[in-house]
Each structure stands twice: as structure tokens, then as C-alpha cells.
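Just below is one structure, and these are the notes that go with it.
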Amino acid sequence: MTDQIIMFISQLFNGLKIGSVYALVALGYTMVYGIIRLINFAHGDFIMVGAYVLMLTIPAIVAMGLPAWVAVIPAILVCVAVGVIVEKAAYKPVREKGNSMTALITAIAMSLLLENGSQAIFGAELKLPGDTLLTIVIGLVIMVGLQLFVKFTKQGKAMRAVSEDKEAAVLMGINVNSTIALTFAIGSGLAAVASLMYCAAYPQVSPMMGAMLGLKAFVAAVLGG
């Protein structure tokens, strides 16, 4: 009986650990959809980008005598840059001149571009280091922090305004394009943190790792509303 209780608690924490990763990715989906009504299917692949940055920078970070988790900083910066570039280069033209179907096709195309681009550069699977309670705590802290950001900061209020009524937000002097770019930047940064948490739990990196992870996080976003 005691062994069963221990196993149950262990599995519960494992579920919370991976659930924290899905929650962070789902937040990125939800933020983008809430602002521009676009399901960003490339979002899961931002995690893959972050994972490869971690893989490339962790040896250098450790060699400098710093803890391996510091590598999340360049991972966040790269993911933010990729997210903003994708928004500006692919989604913004479609948002201005296309419709919901062309936006959806563009999102799928960007996902395929990131997956196949990384496959062409890195080829086969590669590995990283690895740990549970810390993952859960990081997830909770980021979720609470994001909630406070959206509710109480000027930029967060601008996001809510654009989400509610884009035209009225423009009349109130809010720069809609900058707000959308900020949303992509924050969502992509969350994906970088999620990649660190995911790779700590499952120490391997591959070009296709973001596809199933992104799909599961999308389901979590739908279930969570």
C-alpha cells in the first residue's frame, strides 16, 4: 500500500512537471489567438529553436564557470527574435491583406519551414542535460507573473484592449502592430523557457520535437479556454 502511494505521488509530480511545460506553451497560443485570432501552429517549433540554442550554448556557459540554466537567456533572446521576425515577415502581410484561411495556411507553412530548416542544419537527434519540483515552481511563477503583467502594466492593458476591440484601441492611441509584436515576443520567450524545462525532463533534441509538443499544448489551450 505504501509503495502504491509513493508511486501515485511520484506520477502526480511527473504529471505536474510536464503539465507545467504544456501550460507555458498553451499560454503562447492563447496570447496570440486572443490578440489577432490566429492559431500560431509554428509556436511549438519555437520550443525546438530554444532547445537547439540551449544545446549549442550550454557547453560554453559551463566552460565559463556559470550554471547551465543561464543558457536560457540566449535561448529566450533567440526565440524572441525568431517570433518577432516570423510575425513581421509572414503574419503581418497576411493579417493586412489576407483572410483567416490564408493566415492558417501561413502558420502551417512557417511550422514546416522551421522544422525542415533545423533538420537541414542539424540533421539527426542530439542531446542535452537534466530535473521536477523546480520545473513546477518555474511554471507557476511565470504564469502568475504573466497574469500580473497583463492586468497591471501599460503594455498588458494595451494587449487586452487590442484583444477586445482593435479599432477602438487605435482610436485610444495604442500602436496595434507594436502590441502584436510584443505578444509574439512574450509568447516566444515563454517557449524558450518551456524548452529548458522540457529538455531537463526529456534530454534530447530533434527538429520535429515541437510538432507533437505544440499539438498537445494546443489541446491544453482549448481545454483551458
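We use all heavy atoms of the structure for the numbers below, so side chains are in, but hydrogens, waters and symmetry mates are not. These numbers were taken from a predicted model, which means no experiment stands behind them.
- Between atom OG1 of residue Thr57 and atom CE of residue Met64 there is a gap of 10.5 Å, rounded to the nearest 0.5 Å.
- Note that CE of Met208 and CG of Leu114 are 11.0 Å apart. Values are rounded to the nearest 0.5 Å.
- A distance of 14.0 Å separates CD1 of Ile142 from CD of Gln147, quoted to the nearest 0.5 Å.
- A donor-acceptor pair under 3.5 Å is absent between the side-chain atoms of Ser163 and the main chain of Arg160, judged by distance alone.
- Here the CG-CD distance, from Asn175 to Gln155, works out to 12.0 Å after rounding to the nearest 0.5 Å.
- A single hydrophobic cluster is not seen to contain both Val150 and Met172; linkage of ILVMFWY side chains at heavy-atom distances under 4.5 Å, directly or through other members, places them apart.
- What you find for Ile58 and Ala68 is that their closest heavy atoms are CG1-O, 4.0 Å.
- The main-chain N or O of Ala158 is never found under 3.5 Å from a side-chain atom of Thr179 such that the two would form a donor-acceptor pair.
- By the 4.5 Å heavy-atom criterion applied to side chains, Ser188 and Val84 are not counted as neighbours.
- Of all heavy-atom pairs between Ser111 and Asp45, the closest is OG-OD2, 2.5 Å.
- The OH atom of Tyr22 sits 12.0 Å away from the OH atom of Tyr29 when rounded to the nearest 0.5 Å.
- Of all heavy-atom pairs between Val205 and Ala51, the closest is CG1-CB, 3.8 Å.
- When hydrophobic clusters are built by joining Ile, Leu, Val, Met, Phe, Trp and Tyr residues whose side-chain heavy atoms come closer than 4.5 Å, directly or via intermediates, Val86 is grouped together with Val176.
- Expressed to the nearest 0.5 Å, how far SG of Cys79 lies from OH of Tyr52 amounts to 13.5 Å.
- For the pair Val170 and Ile174, the minimum side-chain heavy-atom distance is 4.5 Å or more.
- Side-chain contact between Val193 and Met197 is present, with heavy atoms from C-beta onward closer than 4.5 Å.
- By the 4.5 Å heavy-atom criterion applied to side chains, Met110 and Leu113 are counted as neighbours.
- Between Lys88 and Phe184, every side-chain heavy-atom pair lies at or beyond the 4.5 Å cut-off.
- A ring-ring contact (aromatic ring centres under 6.0 Å, His included) check over residues 137-160, counting only residues at least two apart or in different chains, returns nothing.
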Yes or no on side-chain contact (heavy atoms from CB on, under 4.5 Å) for Leu140 and Ser20, after CA distance, side-chain angles and deciding distance? CA-CA 8 Å; Leu140 289 173; Ser20 299; 5.9 Å; no
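- A pairwise comparison of heavy atoms in Val25 and Ala194 identifies CG2-CB, 3.9 Å as the closest pair.
- Val144 and Met159 fall into different hydrophobic clusters, where Ile, Leu, Val, Met, Phe, Trp and Tyr side chains are chained together by heavy-atom contacts under 4.5 Å.
- Contact check for Asn40 versus Phe46: side-chain heavy atoms found under the 4.5 Å cut-off.
- Contact check for Leu27 versus Leu146: side-chain heavy atoms found under the 4.5 Å cut-off.
- Under a hydrophobic clustering in which Ile, Leu, Val, Met, Phe, Trp and Tyr are joined whenever their side-chain heavy atoms come within less than 4.5 Å, directly or via other members, Leu66 and Val78 fall into the same cluster.
- Across every non-hydrogen atom of Ile47 and Ala191, the tightest pair is CG1-O, 3.6 Å.
- Both Val82 and Ile108 belong to a common hydrophobic cluster when Ile, Leu, Val, Met, Phe, Trp and Tyr are linked at side-chain heavy-atom distances under 4.5 angstrom.
- Asn14 has its side chain out of reach of Ile18: every pair of non-hydrogen atoms, C-beta onward, lies at least 4.5 Å apart.
- A pairwise comparison of heavy atoms in Ala192 and Val72 identifies O-CG2, 4.2 Å as the closest pair.
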Would Ile73 and Val70 satisfy side-chain contact (heavy atoms from CB on, under 4.5 Å), going step by step from the backbone distance to the final call? CA-CA 6 Å; Ile73 296 174; Val70 174; 4.2 Å; yes
